[in-house]
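The structure appears below as structure tokens.
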Amino acid sequence: MPGIKGLFVPGPTNVPEAVRRAVDVPMEDHRAPDMADFMMPLFADLKKIFKTTTGQVFLFPSSGTGAWEAAITNTLNEGDLVLAARFGQFSHLWIDMCQRMGLEVEVIDCEWGTGVPVQKFAERLIEDKAHRIKAVFTTQNETATGVQSDIKGVRKALDAANHPALLFMDGVSSIGSVDFRMEEWGVDLAVSGSQKGFMLPAGLALLGASQKALACQSNAKMRRCYFDFKDMIATNATGYFPYTPPMHMLRGLRASVDLMMQEGLENIFARHHYLASGVRAAVQGWGLDICAKEPKWHSDTVTAIVVPEGHDARQVIARAYERYGLSLGAGLSVVAGKVFRIGHLGDLNELMLMSALGVTEMAMRDVGIPVKAGSGVAAAGEYWRLAKEPLAMAAE
Ligand SMILES: *Cc1c(COP(=O)(O)O)cnc(C)c1O
């Protein structure tokens with residue numbers, strides 16, 4: 001197929017040209033004497049993106065799932081009770097990992113389309129006078145359903161109960177794209193991955209750990225080796241790694257962090273909100289629903305669109321890809337066939353999203369979903385034309 005293909009899954013996201021060029025480097029010596037000159041400023045800048053001054057940001061050569069495991073094995077023990085909620089495929093998978101690693105997980109099952117049940121967590125934490133709960137697991141952005149949650153609210157609930165549990169947060173599809181403040185919100189373990197808001201290929205896990213989390217290492221007896229904080233802390237201190245790091249990814253990360261700092265985090269967050277609002281306007285224009293049940297759950301990085309009863313979202317995805325070269329995100333597990341997803345995070349603007357919305361509309365009509373030609377594109381276009389530009393939004 002001539003022309004470009006459209007990548008609108010919520011990760012991997014589009015890699016900016018500057019980052020692609022930065023990744024394309026000759027092999028280099030990861031133990032070179034000047035490695036620290038490169039790594040130390042990068043570690044410092046990552047702390048700015050995570051918004052932590054006292055914590056540490058680790059880089060593991062793995063996908064985001066590796067950082068889930070690192071967070072658990074370095075801080076908890078088998079048999080520990082942890083509190084978690086399941087409301088989508090990613091929150092489910094982290095719970096599944098906890099269980100497979102021998103934690104006792106108290107799961108609060110929530111309707112898919114809702115998010116972290118802050119009130120229920122608050123009640124459980126107050127009840128737990130003996131402090132049996134060692135950690136609370138949250139997902140800031142549930143990528144499967146397009147639901148964003150109130151992590152600051154979970155911190156408030158922990159503080160209100162005067163509860164010492166660690167706060168874990170999956171921020172794979174949110175950190176670097178929407179507001180996140182590791183230190184201010186008291187997040188102890190913040191997980192991310194390279195292929196979403198960081199606009200890189202998959203292959204690097206980013207993990208923020210607070211001083212409180214780091215202090216848990218000595219009592220955490222779970223077996224760990226590759227993901228041991230101890231080896232990372234010892235070598236990172238001078239700008240090195242305990243094993244061969246993927247240098248091309250680190251060069252790419254340097255370039256993507258530069259782009260993020262040039263744009264400014266607050267401007268990035270405003271741009272994501274602005275672009276997401278246009279996508280939601282398009283869905284409204286089509287007369288369709290999104291999976292997120294209420295505006296407070298709306299995700300600014302991904303929208304899951306519910307197809308009308310009697311239609312199969314998989315047909316939309318197949319048609320969009322095969323006929324027009326557009327990749328949309330699939331519905332996972334409970335919502336398979338019921339939703340398709342448009343990822344709108346990373347290196348993105350109105351121009352790119354307009355093409356995705358236009359083609360999505362065509363694919364839906366091709367498979368018999370009764371949306372009016374031009375309805376979604378018109379609604380998004382009018383939203384973007386008339387809304388405040390992201391820079392002005394961020395300035396407020
Ligand atoms: C993508 C994603 C993951 C999984 O990350 P991998 O890099 O595929 O291991 C975990 N959680 C959320 C919320 C995600 O969006």
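Since the model is a prediction, treat every value here as computed from it, not as a measurement. One-based numbering, in listed order, for ligands and for the atoms of each.
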Any non-hydrogen atom of Trp68 lying under 4.0 Å from ligand 1? yes
List ligand 1 atoms under 4.0 Å from Ser63, heavy atoms only on the residue side. 6 (P), 7 (O), 9 (O)
Below 3.5 Å, N or O to N or O, backbone or side chain included: is there any such pair between Phe90 and ligand 1? no
Non-hydrogen atoms of Lys196 versus ligand 1: any pair closer than 4.0 Å? yes
Which of the ligand 1 atoms, numbered from 1, are nearer than 4.0 Å to a heavy atom of Ser173: 13 (C), 15 (O)
Kindly assign one of parallel, tilted or perpendicular to the pair Phe229 and Phe60, based on the angle between their ring planes and the thresholds 30° and 60°. parallel
Has Lys293 got its NZ or CZ under 6.0 Å from the middle of the six-membered ring of Phe87, at an angle within 45 degrees of the ring axis? no
Answer yes or no: does an N/O atom from Thr143 fall short of 3.5 Å to an N/O atom of ligand 1? yes
Numbered atoms and elements of ligand 1 in range of Asn141, under 4.0 angstrom, heavy atoms: 13 (C)
Do Arg181's NZ or CZ and the ring of Phe50 fall within the cation-pi criteria of under 6.0 Å and 45°? no
Parallel, tilted or perpendicular for Phe180 and Trp185, by the 30°/60° rule? perpendicular
Region of Leu93 that comes within reach of ligand 1 [heavy atoms, distance under 4.0 Å]: neither
Would a single hydrophobic cluster contain both Val172 and Phe198, if residues Ile, Leu, Val, Met, Phe, Trp and Tyr are joined by side-chain heavy-atom contacts under 4.5 Å? yes
Has Gln195 got any heavy atom lying under 4.0 angstrom from an atom of ligand 1? yes
For ligand 1, note which part of Asp170 has a heavy atom under 4.0 Å away: side chain, backbone, both or neither. side chain
Would you kindly confirm whether Val306 and Trp286 end up in one hydrophobic cluster when ILVMFWY residues are joined by side chain heavy atoms under 4.5 Å apart? no
